[in-house]
Protein chains: 2
Amino acid sequence: MPAAQPPMTPETAETAAAADGAAPADSTAPRAKGRPRSAAADRAILDATREALAELGWGGLTMGHVATRAKVAKTTLYRRWPSKNELVVDAVASLFDELVMPDLGSLRADIEAVVAQFADLLARPESQAALLALFAEGTRDRQLHRRIREAIVDPQKRLVRQGRSAAQARGELAPDTDPVAAVEEIDIIFDTIAGTVEHRVLVSGEPITPEWTRRFTGLLLEPFPSLATD
Amino acid sequence: MPAAQPPMTPETAETAAAADGAAPADSTAPRAKGRPRSAAADRAILDATREALAELGWGGLTMGHVATRAKVAKTTLYRRWPSKNELVVDAVASLFDELVMPDLGSLRADIEAVVAQFADLLARPESQAALLALFAEGTRDRQLHRRIREAIVDPQKRLVRQGRSAAQARGELAPDTDPVAAVEEIDIIFDTIAGTVEHRVLVSGEPITPEWTRRFTGLLLEPFPSLATD
DNA sequence: CAGTTACGCTACGACTCGTAGCGAAAGCAG
DNA sequence: CTGCTTTCGCTACGAGTCGTAGCGTAACTG
């Protein structure tokens, strides 16, 4: 859950514009005084954003179009999200909540299942249109990079940690000795899985077939001969 | 789709706008009749594009700004490239010409060298700003996708083929038996190397250190125990 | 020379962005 | 109910960008 329910409170605009500084600890019950924001409008806007992404792509997406499609005034849109980037992050982030670690009883099966889930996610038009463009903007906008990390990257990395822990509990992998090395190992495995699947689907433009998933998983498991059996 | 341009093709734009399949196969002499296009303007535009990418990023790059910086009329720009996407492909593609297969005498050393080269390339601001954005547009624009493939992806994939052939000549890898399987193996290795490095640098935002390169190369070489020795 | 094409320049319509102002609506505290 | 506050939809606006058209001039060919 990307902690973006009330995406931009009057203070959040400052957070987005200014810097990573002191956001007042307003964590509970902001004690609304006037007319509350319409939750229905939130949902309508995010749905409209996803639909527009799938139809028009990142370049064709305009705030005015989203507002019209969501049957909402453009002003309402800007009251919640400061720009297109933030809006799309929130619109796409929910898609990544679907990713789950299945725990199928073997590391091989778990990896294959996660790869298949991720491949299905990347096959969606709204994902394709948004993900790379978001990453591109994220290389220049540190705020945006943080939000992408929290809403999209971290949920994925969590799966790697879960699968690894499960395999350790089963005895398939050795328990951690050096915690620092463990983090590095998780990072490299995560970048490998996510990067390879993304490159295959979004750059090479080739589909992720079960056969491909089998071969790729085999490549990952070769370092562990006892797991690499077909 | 960019509508058919008038000529749009004095040599540079031909490889650029290779989309135009109906272009006469004038591989020899197009018989220039009027005033020739300024090659200096071509270089100035591409240089200005790279500089502007590094300074302003993809989102901040405007055709007008590039034209001004290149000391060229905006019209001259549009005479050669139909849109920002095509211009940036050509501006960035030349960077990938630097990639070479060193042939250092062992597959491990070759892979590490190529990874290091690619990492250096991705560390450049103009690459970071452009590459992911281009890939994003390429998921919707088939013409652009082809140009990216030809100008950027294929040069990279060629390195994998070269390194693989060299390793086979050395006897480190078995010769090809099934040519179809060989292509698939090259594809999966290529997507793994390119995707992982891209994800590490552009998404995770972590640098590619020699130590990381060593570990990642080790992961790739595990399937070949005789090569996996440190 | 004439013929052809590229060039720089200006101007334009269409579009998007993000903001401001307005009156009306929807909550909350008394 | 009556204020008070905030959001809502709507209209309008300035700024900026896009891609194109028209014009006179420059450069190169035969």
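For the numbers below, each heavy atom of this structure counts, side chains included, while hydrogens, waters and symmetry mates do not. Residue numbers begin at 1 in each chain, while the letters A, B, ... track the order of the sequences.
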Exercise. Do A/Ser83 and A/Glu86 get their side chains close enough for a donor-acceptor pair, meaning under 3.5 Å?
Worked result: yes
Exercise. Less than 4.0 Å between a side-chain N and a carboxylate O, is that true for A/Asp154 and A/Lys157?
Worked result: no
Exercise. If you look at every strand shown and take non-hydrogen atoms under 4.0 Å, does A/Thr75 touch a base, only sugar-phosphate, or nothing?
Worked result: base
Let me know the distance between [atom1] of [X] and [atom2] of [N], rounded to the nearest Å.
{"X": "A/Met63", "N": "D/dA15", "atom1": "CE", "atom2": "C1'", "answer": "17 Å"}
{"X": "A/Leu77", "N": "C/dT16", "atom1": "CG", "atom2": "C1'", "answer": "14 Å"}
{"X": "A/Lys33", "N": "C/dG30", "atom1": "NZ", "atom2": "C1'", "answer": "13 Å"}
{"X": "B/Tyr78", "N": "D/dG22", "atom1": "OH", "atom2": "P", "answer": "18 Å"}
{"X": "B/Trp81", "N": "D/dG19", "atom1": "CH2", "atom2": "C1'", "answer": "16 Å"}
{"X": "B/Leu87", "N": "D/dG19", "atom1": "CG", "atom2": "C1'", "answer": "14 Å"}
{"X": "B/Leu56", "N": "D/dG16", "atom1": "CG", "atom2": "C1'", "answer": "14 Å"}
{"X": "B/Lys71", "N": "C/dC7", "atom1": "NZ", "atom2": "P", "answer": "17 Å"}

Exercise. Mapping B/Ser38 and A/Thr62 onto DNA chain C by nearest heavy atom, which one lands closer to the 5' end?
Worked result: B/Ser38
Seminar exercise, completed: When A/His65 and B/Gly34 are each assigned the nearest nucleotide of DNA chain C, the 5'-most assignment goes to B/Gly34
Classify the side chain of [X] and the base of [N] as holding, or not holding, a donor-acceptor pair under 3.5 Å.
{"X": "B/Arg79", "N": "C/dA6", "answer": "no"}
{"X": "B/Arg35", "N": "C/dT5", "answer": "no"}
{"X": "B/Arg37", "N": "C/dA6", "answer": "no"}
{"X": "A/Lys74", "N": "C/dG18", "answer": "yes"}

For this session: Answer yes or no: is there a side-chain heavy-atom contact under 4.5 Å between B/Arg43 and B/Leu46?
Result: no
Problem set entry | Closest listed nucleotide, where the reference is the side chain of A/Ala73 and the choices are D/dC10, C/dT4, D/dT6 | D/dC10
Problem set entry | Closest to the A/Lys84 side chain, choosing from D/dG9, C/dC17, C/dC7 | C/dC17
Problem set entry | Option among A/Leu202, A/Thr139, A/Leu134 that satisfies the side chain to side chain contact (heavy atoms under 4.5 Å, CB included) test with B/Leu132 | A/Thr139
For this session: Any chance you could measure B/Glu198, atom CD, to B/Leu131, atom CG, to the nearest 0.5 Å?
Result: 5.5 Å
